[in-house]
Amino acid sequence: MSFLLDGLNEQQRKAVTACQGPVLVLAGPGSGKTRVLTRSIAYRIETLGARPYHILAVTFTNKAAREMGERVEKLIGANTHGLTLGTFHSVCVRILRRQAERLPFDSHFVIFDADDQIRVVKRALRDLDLDEKQYRPHSIHAAISRAKNELLLPEDFPIKTYRDEVVRRVYEQYHKLLLASNALDFDDLLLWTAFLLAEYPEVCQQYARRYQHVLVDEFQDTNMAQYTLLKHLASFHRNIFAVGDADQSIYRWRGADYRNVRRFEQDFSDAQVILLEQNYRSTQNILDAAMAVIDQNPQRRRKKLFTGRGAGKKITLHEAHDDRAEAAFVVDAIASLVARGQAQPGDCAIMYRTNAQSRLLEEAFMRANLPYKLVGAQRFYGRREIKDVIAYLRLVHNPLDEASLLRVINVPPRRIGAKTVAALRTLAGQTGLAPGELLLDLGKGEDSEYFGKFRGRAALSLANFGHLVRNWRALRDELTPLQLIDRILHDVGYEAYLDTSTEEGLSRWDNVQELRRLAADYHDRDLLAFLDEIALVSDQDTLDEAANVPTLLTLHAAKGLEFPVVFIVGLEERTLPHFRSFDDPEAMAEERRLFYVGITRAKDRLFLVHALNRAAYGYTEPTEPSRFLEDIPTHLLNGQGVVRSFRGREGTTRQQNAPSPGPPPQRARYQAGMKVRHPLWGEGMVLNSRWQDGDETVDIFFEKVGLKRVAASLAKLDYVNE
């Protein structure tokens with residue numbers, strides 16, 4: 001159908017219509033890759049007559065999967081029934097639940113989140129009598145995760161040092177504990193699916209024959225397990241359509257391997273390779289800066305990014321005295337843009353290398369009494385009260401889930417202390433039952449053969465809780481997820497436990513109500529579908545796009561997003577690039593890619609900020625500007641930033657168009673945070689002030705009219721005594 005090709009440029013049309021055999025689309029940032037991917041799906045259905053049942057499309061976030069699904073449905077209507085479209089992990093969950101009889105867990109497995117995984121690692125360390133201080137649980141878990149991404153089971157784990165031997169032992173115990181709980185972690189979803197397809201050729205053939213067309217988004221972010229899965233699933237028809245950009249591969253720390261792009265070209269030597277270089281997002285100045293940065297990376301296929309949007313404004317390079325001044329500059333610049341009508345607050349994003357950098361930015365926004373949103377802080381699903389309710393649901397679904405049992409067995413307090421829990425686990429080990437199974441039996445009360453194994457109050461407390469869980473399990477097939485949540489909350493008195501007479505308790509109860517609203521969408525779906533959905537949510541999936549406030553986020557979290565105005569802060573050596581990359585060329589190349597990704601999130605305005613001094617470990621130390629700033633041609637920049645040569649050239653280079661220094665400014669009369677009154681606009685708070693053209697210019701946020709910039713000599717401001 002010709003309408004599916006309308007509005008596409010020549011390279012995009014070439015990609016959409018390339019439906020036979022392997023195809024690799026190298027899509028630069030903002031080049032319309034989602035449009036190409038969704039139209040390719042629609043083209044295969046509408047033009048080639050492919051049945052949706054025979055199409056598999058995978059991506060990395062639920063947000064991206066939803067967007068793809070909505071776009072395809074908008075293009076071709078409801079003719080998408082049977083289409084398999086989702087994240088790698090959600091697709092693997094579906095396969096594993098259908099094929100679980102071939103694997104060492106059953107189809108009712110639960111998915112452990114990051115917190116659960118660390119708890120299991122700690123349990124494994126205790127079981128092996130290993131010291132957590134010497135063998136950090138997060139570090140051990142990271143090593144296990146890397147092994148799984150390389151499709152290595154415990155017995156395959158390579159041992160070169162004594163620490164490797166310890167990791168292998170912990171991995172083995174961790175593996176056993178997961179299986180004993182009938183649970184998988186995120187990496188297991190990929191590992192076990194790859195294992196299934198490799199070990200059972202008939203299963204591999206079943207799916208490879210079914211999926212005549214395999215399409216994958218963000219291909220550069222695949223790890224070895226995901227790449228292996230794709231090869232298995234495309235092994236029969238070989239119609240695999242991979243869209244990605246090696247220059248945007250920034251998740252090496254979680255197993256992503258940009259070299260999969262090269263492996264694709266080697267494994268599918270007959271693949272068509274199509275470049276998408278026309279950018280629809282950014283101005284040319286922004287693109288030129290991005291290309292100048294990324295072109296320094298070796299062994300890459302160069303792309304020439306271009307746009308029809310014109311040159312646009314130059315990039316602002318700002319040098320701050322220290323990290324506090326850096327944060328103040330960002331808030332000041334946003335307030336100024338909003339006051340002049342050049343941007344809405346929600347148009348602005350502030351990006352940084354590490355989460356710790358958000359603290360001073362948050363403080364600056366709070367001092368200015370300006371709202372903001374923070375991506376990647378405590379996720380909704382990571383809040384204590386939400387994890388409690390989800391643990392109850394998981395326990396009802398799967399009594400083998402020991403992590404969930406231990407979380408809620410005494411929440412709210414029901415007189416089941418650590419000694420009683422230890423006794424429960426000990427007896428469970430002696431009887432060959434899981435602690436959750438033993439608890440269910442104790443729920444029979446005195447009819448349980450194990451009731452007498454516990455002393456008075458402990459026996460009664462365990463029996464009462466076991467009775468509750470038995471009742472919930474009996475009702476789980478009759479009740480919707482929402483009804484089950486309400487029954488649990490009522491039976492355990494959770495609202496009273498949170499104490500909604502306090503502000504904190506009321507806030508936590510509001511979060512529970514939000515979970516109830518989410519559960520209401522599953523009125524015609526079972527508990528397992530609800531649990532799977534919430535287990536696979538990412539930070540970006542919880543981003544509130546409707547809020548008209550600036551967004552604070554890491555450069556890693558910014559991938560896939562775009563904003564009219566972008567600030568990238570902390571552009572110093574040891575911050576970006578991060579100090580851990582200095583002795584690793586591959587890591588340094590990824591740091592450069594990370595900066596490239598940040599630059600290309602900007603549509604209209606880009607601010608690059610570095611500080612002369614930055615606090616670290618309680619001390620303020622001088623810094624050097626990031627080496628990456630050197631690569632940006634000075635004709636693309638304006639501002640007052642100083643780029644000192646990383647390569648050791650003497651002296652400094654001030655931008656050619658930076659103004660020459662004038663006389664020192666006079667002391668400002670109006671300080672940030674000061675309350676003032678204007679004769680027309682009423683009371684307001686000073687955000688900042690500066691001397692400009694011989695007068696003090698003051699930015700003020702007024703309660704009645706919002707942000708205003710005034711000249712102090714003309715504004716007739718009065719001080720307000722608090």
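Keep in mind that this is a model prediction, so the values were computed, not measured.
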* Asked: So, does S90 use its side chain to make a donor-acceptor pair with the main chain of G86 at under 3.5 Å?
  -> no
* Can you tell me if Y211 and T84 form a side-chain donor-acceptor pair at under 3.5 Å? -> yes
* To do: Take the angle between the ring planes of F88 and F60 and call it parallel below 30°, perpendicular above 60°, tilted in between.
  => tilted
* Asked: What distance do L462 atom CG and I416 atom CD1 have between them, rounded to the nearest 0.5 Å?
  -> 4.5 Å
* Under-4.0 Å salt bridge between D532 and R97 -> yes
* Asked: If only atom types and distance count, is the side chain of R473 paired as donor or acceptor with the main-chain N or O of V396 below 3.5 Å?
  -> yes
* To do: Measure the acute angle between the ring planes of H556 and Y251, then classify it against the limits of 30° and 60° as parallel, tilted or perpendicular.
  => tilted
* Parallel, tilted or perpendicular: ring planes of W192 versus F105, cut at 30 and 60 degrees -> perpendicular
* Flag the pair H397 / H108 as yes when their ring centroid distance falls below 6.0 Å, and as no otherwise. => yes
* Using a strict 4.0 Å threshold on nitrogen-to-oxygen distance, state whether D185 and K148 make a salt bridge. => yes
* E199 side-chain N/O to L196 backbone N/O, donor-acceptor pair under 3.5 Å -> no
* Heavy-atom donor-acceptor pair, N548 side chain to G346 backbone, under 3.5 Å -> yes
* R414 NZ/CZ over F465 ring centroid, <6.0 Å and within 45° of normal -> yes
* To do: Any chance you could lay out the salt bridge (charged side-chain N to carboxylate O under 4.0 Å, His left out) test for R146 and E150, step after step, and finish with the verdict?
  => CA-CA 6 Å; R146 287 192 295 271; E150 294 295 324; over 6 Å; no
* To do: Show your reasoning for whether side chain to side chain contact (heavy atoms under 4.5 Å, CB included) applies to Y497 and V411.
  => CA-CA 9 Å; Y497 164 65; V411 176; 3.8 Å; yes
* After noting the C-alpha distance and the side-chain angles of D115 and R407, does the key distance pass the salt bridge (charged side-chain N to carboxylate O under 4.0 Å, His left out) rule? -> CA-CA 11 Å; D115 290 341; R407 180 178 187 90; over 6 Å; no
* Asked: Does any donor atom in the side chain of D486 or H490 lie under 3.5 Å from an acceptor atom in the other side chain?
  -> no
* Structure fact -> Rounded to the nearest 0.5 Å, the OG1 atom of T228 sits from the CG atom of L151 at a distance of 5.0 Å
* To do: For P137, check side-chain contact (heavy atoms from CB on, under 4.5 Å) against everything at least two apart and list the hits.
  => I118, V121, K122, L125, E132
* Ignoring hydrogens and angles, tell me if any N or O in the side chain of R601 forms a donor-acceptor pair with the backbone of L561 under 3.5 Å. => yes
* To do: Any chance you could measure I409, atom CD1, to L439, atom CG, to the nearest 0.5 Å?
  => 5.5 Å
* Answer yes when E363 and R359 have at least one side-chain N-carboxylate O distance shorter than 4.0 Å, and no when they do not. => yes
* **Side-chain heavy-atom pair V58, L230 within 4.5 angstrom cut-off** => yes
* Residues E449, K444: salt bridge by 4.0 Å N-O rule -> no
* Asked: Is the distance between the ring centroids of Y174 and Y171 less than 6.0 Å?
  -> no
* Heavy-atom pair with the smallest gap, counting every atom of Q483 and E478 -> OE1-O, 4.2 Å
* To do: Return yes if a side-chain donor-acceptor contact under 3.5 Å exists between D401 and N182, otherwise no.
  => no
* Is the number of heavy atoms from other residues, nucleotides or ligands under 6.0 Å of Q513 CD greater than 12? -> yes
* Asked: How long is the span from the NE2 atom in H467 to the CG atom in L440, to the nearest 0.5 Å?
  -> 12.0 Å
* Can you tell me if Q248 uses its side chain to pair, donor with acceptor, with the backbone of G244 under 3.5 Å? -> no
* Looking at residues at least two apart in the chain, or sitting in another chain, which of them share a side-chain hydrogen bond (donor to acceptor under 3.5 Å, both in side chains) with S448? -> D441
* **Any donor-acceptor N/O pair, D187 side chain to N149 backbone, under 3.5 Å** => no
* Would you confirm whether D526, through its side chain, and A529, through its main-chain N or O, come within 3.5 Å as a donor-acceptor pair? => yes
* To do: Classify the side-chain pair T38/R71 by whether it contains a donor and acceptor separated by less than 3.5 Å.
  => no
* Taking only Lys NZ, Arg NE, NH1 and NH2, and the carboxylate oxygens of Asp or Glu, determine whether K74 and E70 approach each other closer than 4.0 Å. => no
* Does the side chain of L96 reach to within under 4.5 Å of the side chain of L103, using non-hydrogen atoms? -> yes
* When you measure from the side chain of S139 to the backbone N and O of R136, does any donor-acceptor pair fall under 3.5 Å? -> no
* **D116 side chain to D113 backbone, donor-acceptor under 3.5 Å** => yes
